[in-house]
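For this chain, numbers begin at 1 and follow the sequence in order.
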Amino acid sequence: MAGVWFDELTVGQKFEHPIRRTVTETDNVLFTAMTHNPALLHLDEEYMKGTEFGRRVVNSAFTLGLMVGISVGDTTLGTAVANLGWDEVRFPAPLFHGDTIHVETEVLELRESKSRPDQGIVVFLHRAYNQHDELVASCKRAGLQRKRPQ
């Protein structure tokens with residue numbers, strides 16, 4: 001079990017996740033096609049040449065999923081009960097094919113579950129950066145987390 005028990009977490013605790021990931025054209029096109037998203041900004045290189053970005057932008061839903069996924073091994077793997085929601089999802093800068101992201105997570109809130117004495121609710125803040133340390137994504141994620149077994 002690689003994740004952390006609820007009662008081992010502290011508000012303000014930070015995780016610098018060691019996994020880094022270079023995003024490929026295949027990642028973007030496959031994810032975009034699988035989710036039936038026909039947006040030109042993900043699929044049409046010629047169209048994008050005439051935009052402020054000059055090239056295709058990675059699908060933000062993929063970026064969000066990758067950011068949270070990278071965090072799982074260090075935070076919730078084997079200790080999560082349920083994902084309760086994502087809030088304040090932001091993409092302040094675009095992610096492009098060939099960019100390499102790294103992720104950090106901070107514990108923002110902890111509270112005991114009123115109905116489940118062996119579990120608690122944690123709010124994480126995830127941040128993803130490209131290879132230039134530019135913030136490309138962030139979100140708050142609430143989850144139901146197991147406490148260490150007695």
Undergrad: Is there any salt bridge (Lys or Arg N to Asp or Glu O under 4.0 Å) pair reaching into residues 70-90, and which pairs are they, with sequence neighbours excluded?
TA: E88-K140
Undergrad: If you define the side chain from C-beta out and look only at heavy atoms, does anything of V123 sit under 4.5 Å from R141?
TA: no
Undergrad: Test question: given the 4.5 Å side-chain rule for I, L, V, M, F, W and Y, name all other residues clustered with L64, or answer none.
TA: I19, V23, F31, V58, F62, L66, M67, V68, I70, W86, V89, F91, L95, I101, V103, V136
Undergrad: In Å, rounded to the nearest 0.5 Å, how long is the span from OG1 of T10 to CG of L110?
TA: 7.5 Å
Undergrad: May I ask you to list the residues sharing a hydrophobic cluster with Y47, side-chain cutoff 4.5 Å, ordered by chain and number?
TA: L40, L41, M48, F53, V57, F96
Undergrad: Taking salt bridge (charged side-chain N to carboxylate O under 4.0 Å, His left out) as the definition, give me every residue that meets it alongside E46, ordered by chain and number, with sequence neighbours left out.
TA: K49
Undergrad: How far does CH2 of W5 sit from CG of D118, to the nearest 0.5 angstrom?
TA: 10.0 Å
Undergrad: Are T105 and H17 close enough that a side-chain donor and a side-chain acceptor fall under 3.5 Å?
TA: yes
Undergrad: Could you grab the distance from atom OG of S138 to atom CD of E106, nearest 0.5 Å is fine?
TA: 12.0 Å
Undergrad: Could you identify which residues cluster with V29, counting Ile, Leu, Val, Met, Phe, Trp and Tyr as linked when any side-chain heavy atoms lie under 4.5 Å apart, either directly or through a chain of such contacts?
TA: L43
Undergrad: Scan residues 107-117 for pairs that pass salt bridge (Lys or Arg N to Asp or Glu O under 4.0 Å), counting only residues two or more places apart or in two chains.
TA: E112-K147
Undergrad: Taking C-beta and beyond as the side chain, do N28 and H97 meet within less than 4.5 Å on heavy atoms?
TA: yes
Undergrad: Please name all residues satisfying side chain to side chain donor-acceptor pair (under 3.5 Å) with T100, sequence neighbours left out, ordered by chain then number.
TA: T22
Undergrad: For the pair E134 (side chain) and P94 (backbone), establish whether a donor and an acceptor sit closer than 3.5 Å, ignoring hydrogens and angles.
TA: no
Undergrad: Would the distance check show the side chain of D99 and the main-chain N or O of Q131 forming a donor-acceptor pair, the cut-off being under 3.5 Å?
TA: no
Undergrad: By the salt bridge (Lys or Arg N to Asp or Glu O under 4.0 Å) test, which pairs, at least two apart or in different chains, include something from residues 27-41?
TA: R21-D27
Undergrad: What's the separation between atom CG in N59 and atom OG1 in T32, rounded to the nearest 0.5 Å?
TA: 4.0 Å
Undergrad: According to a hydrophobic-cluster definition based on side-chain heavy atoms being under 4.5 Å apart (Ile, Leu, Val, Met, Phe, Trp, Tyr only), do V11 and L108 belong together?
TA: no
Undergrad: Tell me if a side-chain donor or acceptor on T79 pairs with a main-chain N or O of V4 at a distance below 3.5 Å.
TA: yes
Undergrad: How close do Q145 and T75 get, heavy atom to heavy atom, and via which atoms?
TA: NE2-O, 3.0 Å
Undergrad: Would you name the heavy atoms of T63 and A137 that are closest together and state the gap between them?
TA: CG2-CB, 3.8 Å
Undergrad: Show every ring pair (Phe, Tyr, Trp, His ring centres under 6.0 Å) that has at least one partner inside residues 107-137, sequence neighbours left out.
TA: H102-Y129, F124-H126
Undergrad: Going by the rule salt bridge (charged side-chain N to carboxylate O under 4.0 Å, His left out), which residues pair with R56 if we only count those two or more places apart in sequence or in a different chain?
TA: E25, E45
Undergrad: Could I get the full list of side chain to side chain donor-acceptor pair (under 3.5 Å) partners for R55, not counting sequence neighbours?
TA: none
Undergrad: Linking Ile, Leu, Val, Met, Phe, Trp and Tyr through side-chain heavy atoms less than 4.5 Å apart, which residues share a cluster with I121?
TA: V81, L84, L144
